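Below you'll find the structure, written out as structure tokens, and then a few comments.
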Amino acid sequence: QQQVKQSPQSLIVQKGGISIINCAYENTAFDYFPWYQQFPGKGPALLIAIRPDVSEKKEGRFTISFNKSAKQFSLHIMDSQPGDSATYFCAARNNYGQNFVFGPGTRLSVLP
Amino acid sequence: SQTIHQWPATLVQPVGSPLSLECTVEGTSNPNLYWYRQAAGRGLQLLFYSVGIGQISSEVPQNLSASRPQDRQFILSSKKLLLSDSGFYLCAWSVVGGKNEQFFGPGTRLTVL
């Protein structure tokens, strides 16, 4: 129940296209859902996060869509750029826990 | 502003040798601290977390141990490294009762030969 599932494992998108990464969870106690971006050899960096009281959050070209009833959330990258090529992790945390549960990651490649 | 440091950045060690990786956080007090391991092309596996000095929780049984001798210092250790200990080790911190954001350090690439 602590698991966060993430798909696809890898994704190739043309420059200017839309990248979509999906995550699903089981634990209804999760109440914070961040996305992290990791470049090779670097630590993950927080990209955008959402709480389940909203269905969508947008920051620049990055949008999180959240479906509480389906227990799913997704990251949309609009107008994808080669500089977006990285590994993306979704994560979840519950309000009374100290720990974050991470998805296995999606390796995104944006072709020029 | 808060910063998190890890060292060394890279490390090559023989099997059976000891290990000590250090993580320090600046600009905050009483953070939650975490050690993760990331195998090549894989996700993040939580190894240890700490909510205060001397308080360590282990998530998986393994060859590693952690200690928190000071509020903003977190150390990952091993007495005898195994080949399977190779990986990318990440330290992270979060604010207790804060926005729940977790911030990662730059990582240490450990290769056990």
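Excluded from the calculations below are hydrogen atoms, water molecules and symmetry mates; all remaining heavy atoms, backbone and side chain alike, are included. Note on naming: letters A, B, ... go to the chains in the order of the sequence lines (proteins, then strands), and numbering restarts at 1 for each one. A quick note: this is a predicted structure, and the numbers were derived from the prediction, not measured.
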Transitive ILVMFWY side-chain link [X] to [Y], under 4.5 Å:
X	Y	result
Trp35(B)	Val25(B)	yes
Leu11(B)	Leu113(B)	no
Leu19(B)	Val15(B)	yes
Leu47(A)	Ile20(A)	no
Trp93(B)	Leu21(B)	yes

Please check if the side chain of Tyr49(B) supplies one atom and the backbone of Phe100(A) the other of a donor-acceptor pair under 3.5 Å. no

Can Glu101(B) and Tyr32(A) be said to form a side-chain contact (heavy atoms from CB on, under 4.5 Å), step by step? CA-CA 9 Å; Glu101(B) 296 171 350; Tyr32(A) 175 70; 3.1 Å; yes

Sort Gln38(A) into side chain, backbone, both or neither according to what part of it lies under 4.5 angstrom from a heavy atom of chain B. side chain

Against chain B, label Pro44(A) side chain, backbone, both or neither, depending on which of its atoms sit under 4.5 Å from a heavy atom there. both

Taking all non-hydrogen atoms of both residues, which atom of Gln102(B) and which atom of Tyr36(A) are closest, and how far apart? O-OH, 2.7 Å

For Leu90(B), which atoms come within 4.5 Å of any heavy atom of chain A: side chain, backbone, both, or neither? side chain

